[in-house]
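Take a look at the structure below.
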Number of protein chains: 4
Amino acid sequence: MATPHVRKGDTRHRIQDVALSLFAEQGYEKTSLREIAEHLDVTKAALYYHFKTKEDILISIVDDLARPVDELIDWAEGQPRTLATKQEILRRYSETLWGAAELFRFMQENQATVRELSIGETFKSKIQALGELLKEPEYSMTDQVRCITALFSMHAGMFAMQSIEGDPDDKRAAILEVAQGLIADAHRDAHRGQTDTP
Amino acid sequence: MATPHVRKGDTRHRIQDVALSLFAEQGYEKTSLREIAEHLDVTKAALYYHFKTKEDILISIVDDLARPVDELIDWAEGQPRTLATKQEILRRYSETLWGAAELFRFMQENQATVRELSIGETFKSKIQALGELLKEPEYSMTDQVRCITALFSMHAGMFAMQSIEGDPDDKRAAILEVAQGLIADAHRDAHRGQTDTP
Amino acid sequence: MATPHVRKGDTRHRIQDVALSLFAEQGYEKTSLREIAEHLDVTKAALYYHFKTKEDILISIVDDLARPVDELIDWAEGQPRTLATKQEILRRYSETLWGAAELFRFMQENQATVRELSIGETFKSKIQALGELLKEPEYSMTDQVRCITALFSMHAGMFAMQSIEGDPDDKRAAILEVAQGLIADAHRDAHRGQTDTP
Amino acid sequence: MATPHVRKGDTRHRIQDVALSLFAEQGYEKTSLREIAEHLDVTKAALYYHFKTKEDILISIVDDLARPVDELIDWAEGQPRTLATKQEILRRYSETLWGAAELFRFMQENQATVRELSIGETFKSKIQALGELLKEPEYSMTDQVRCITALFSMHAGMFAMQSIEGDPDDKRAAILEVAQGLIADAHRDAHRGQTDTP
DNA sequence: TATGAATGAGGATTCATTCAT
DNA sequence: AATGAATGAATCCTCATTCAT
């Protein structure tokens, strides 16, 4: 069952893995193809058999790992715009984020780089789409800020909560709770005085 | 009376200005010293008369612009740890952030780069210090997350709120309001059932 | 059958050859990689494919060419410490020196440079080892000086004897003769009054 | 009597001193004007007030310190070409060498550099002149080599005798003794069978 | 499916030198 | 007698990329 030497067709994936972890650790610009190749014990030229350019490696990683976000958006667009839906969006987004933590950390910490790359726009628009699904046009500005903050607090949560002690899973739950609280606040504000919440 | 050429002694500052705006726009790594020099109509070597290395340029900028954060921390450490103090910390931090928006945007968008530079640790510890001034040890994990989120929501607010329409100053006020709300929530939670709030 | 272009795999050696002759002619510091590359009709970057640094080029040359000295030391350490052995050491050293004249001339004329490089110590210790094989602890100081002088006179002989007319091979023989004479003097002094020479 | 701050007109000499010691320590090429200036707590530009170029600094040092060699040659040319004269030449040369040890060490260790500089030829011709005063045209090649070796052994002696234990002055005396011995050998060879030595 | 060899463009940095003040 | 500011040319080196094999 165990494969003695690396499985055929594996190299492409191994490149992506090593590349992502180096990109996340050192940044995109500071990671050279030589370095990636060395970690894999292949030559730089081998990378070019599998990918057209350095940027291509990154794109392929992002494409693979960002699909769940697309699926989340697709799903959400088919749901009623209730508070419960929004809470569920956040819950699922939390899962997505932690499922591809290295990638999102990379995106977060290399925004200046990513902005110039073709993936930049793509990503930004996806998060914006998510934002649109959380806030409502009639919300006050403050409540709109609450919605966007809910989203970004989860991003920040991935690396900025080191000063808080505790089990990672508990922390993640707490972060989600705070984000959901923000959405709930916005929702309550907007529907104050109404009998029925949609 | 008007200075026909650039004022004497100005070059050092002009370098910092141009460098910061290029760093913020394109990222640190993608900005070459040649580019900075060309924007200033001097030679690369002139930069080296004023700064020892490329990193040194950045350090000098950060040193100048991050002083207000130090002052804020100093001030805050002399205040009672009341809710009002914390609200005021956030208000002042908001001011600081917008007073040096380009720098903070740079720090935010180039974290991977900054992490490896000597300023990385410096900055991280300052923000952590601020965080410590907002949260209390006896807070629940959720409330601690609220405090850290309050801080980071203001960072995120500087560039992630483009999807919200409205006057920038209003937006900034709304962001501050949300951040202060988070702190207030944490405070209320922690003191629920008590007659007196400190 | 004739190779129209340079033979494959040759480049590494060609770099070493050109580098050594330029280093010897102009000195290490004054020889730029650009110059070496131009002599070879390749780009500077090509040099970096074959060698990690400029110093590395030099190290590789020294490693290759200094091996005979190691072999000489190894051989000598297995021999009895007689006068005949010492004379033979000098004879072989003479051969070694002339077999890699360019390198030794370089080492001689670039001591200040070489001293800071990693090869500096290496070389110094080898020559010291040779010196130890020539002199004996019980020798008078003068006789020890004779031994060291014997060694160094052969180095000096490689470039300092231009004021003497004559066939190079004859000159070399004469230099060796003088060196051997110095050793013989030292030996005679030390054993004066003894019946047997070891 | 003591001058509280550096004596007027001193700077020129201080530059020469610092420059020579840095040149000797690190080599000419590796010593930058910045470094010299820093050691003196002046600016690079100040060096240019006193000297026209970097090479000029070196030339001025050499001119000052090499004068004794000229005087030695002048003196020797007025003496009879006897063995005693030659011994005295060596003795005086030994004195000269140790009187300006740093300079001679520099010349010895930076030959490749010095060769390209204008002083190179100057120096070489002086040593050659000394050589001519030691050897005689009718000497055998071996004896001519003895004479040149006598000269160079004193140079080598300045730094190559570290493997010999003992008081520096004793060592210097031993080196001179060996050099004089070589000259004596040459002389004896040449006059073997003659009743009278000139 | 890869490699060995190479390139062209560009990077940061250092240097000797100049000149107005 | 010396400085502050700057330059132009050069340095070593690294990178993403290419292509014949």
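Note on naming: letters A, B, ... go to the chains in the order of the sequence lines (proteins, then strands), and numbering restarts at 1 for each one. Owing to the predicted nature of the structure, the values given are computational and were not obtained by experimental measurement.
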Taking only N and O in the side chain of [X], is any of them less than 4.0 Å away from OP1 or OP2 of [N]?
X: C/Tyr48; N: F/dT14; answer: no
X: D/Tyr49; N: F/dA2; answer: no
X: C/Thr11; N: E/dA5; answer: no
X: B/His50; N: F/dG4; answer: no

Kindly say whether A/Ser118 contributes a backbone atom to a donor-acceptor pair with the side chain of A/Glu55 at under 3.5 angstrom? yes
Quick one: salt bridge (charged side-chain N to carboxylate O under 4.0 Å, His left out) partners of A/Glu116, sequence neighbours excluded? B/Lys30
Go nucleotide by nucleotide along DNA chain E from the 5' end; which of A/Thr43 and C/Thr43 gets its closest nucleotide reached first? A/Thr43
How far apart are the C-alpha atoms of A/Phe51 and A/Ile59, what are their side-chain angles, what is the distance that settles it, and do they pass the side-chain contact (heavy atoms from CB on, under 4.5 Å) test? CA-CA 10 Å; A/Phe51 299 94; A/Ile59 291 175; over 6 Å; no
Expressed in angstrom and rounded to an integer, what is the separation of [X] atom [atom1] from [N] atom [atom2]?
X: B/Arg14; N: F/dA5; atom1: CZ; atom2: P; result: 13 Å
X: A/Lys44; N: F/dC15; atom1: NZ; atom2: C1'; result: 7 Å
X: A/Lys30; N: E/dA12; atom1: NZ; atom2: P; result: 12 Å
X: B/Leu22; N: E/dG11; atom1: CG; atom2: P; result: 13 Å
X: A/Ile15; N: E/dT1; atom1: CD1; atom2: P; result: 11 Å
X: D/Glu55; N: E/dC15; atom1: CD; atom2: C1'; result: 15 Å
X: A/Glu29; N: E/dA12; atom1: CD; atom2: C1'; result: 16 Å
X: B/Arg12; N: F/dG4; atom1: CZ; atom2: C1'; result: 14 Å

After noting the C-alpha distance and the side-chain angles of A/Ser60 and A/Arg12, does the key distance pass the side-chain contact (heavy atoms from CB on, under 4.5 Å) rule? CA-CA 10 Å; A/Ser60 80; A/Arg12 202 188 139 91; 3.8 Å; yes
Assess the residue pair D/Tyr28 and D/Val114 against the criterion (side-chain contact (heavy atoms from CB on, under 4.5 Å)); give the C-alpha distance rounded to whole Å, side-chain angles, the decisive distance to 0.1 Å, and a yes or no. CA-CA 9 Å; D/Tyr28 177 77; D/Val114 158; over 6 Å; no
Stretch residues 32-41 of chain C: residues that reach within less than 4.0 Å of DNA chain F through a heavy atom: C/Ser32, C/Leu33, C/Arg34
Please figure out whether B/Ala45 or C/Lys54 has its closest DNA chain F nucleotide nearer the 5' end. B/Ala45
Judged by nearest nucleotide, the residue sitting upstream toward the 5' end of DNA chain F, A/Thr31 or D/Leu47, is D/Leu47
Does D/Ile61 form a side-chain contact (heavy atoms from CB on, under 4.5 Å) with D/Phe106? I'd like the steps, not just the answer. CA-CA 11 Å; D/Ile61 295 169; D/Phe106 167 77; over 6 Å; no
Indicate, with yes or no, if the rings of A/Phe104 and A/Phe159 have centres closer together than 6.0 Å. no
Of all heavy-atom pairs between C/Thr31 and C/Gly27, which one has the smallest distance, and what is that distance? OG1-O, 2.7 Å
Can you give me the closest heavy-atom contact between D/Gln108 and C/Gln111, atom names plus distance? O-NE2, 3.9 Å
Taking five pairs at each end of the helix from E/dA2-F/dT21 to E/dT21-F/dA2, what angle separates the two helix axes (nearest 10°)? 20°
Give me the one residue out of A/Asp70, A/Asp64, A/Asp63 that meets salt bridge (Lys or Arg N to Asp or Glu O under 4.0 Å) with A/Arg67. A/Asp64
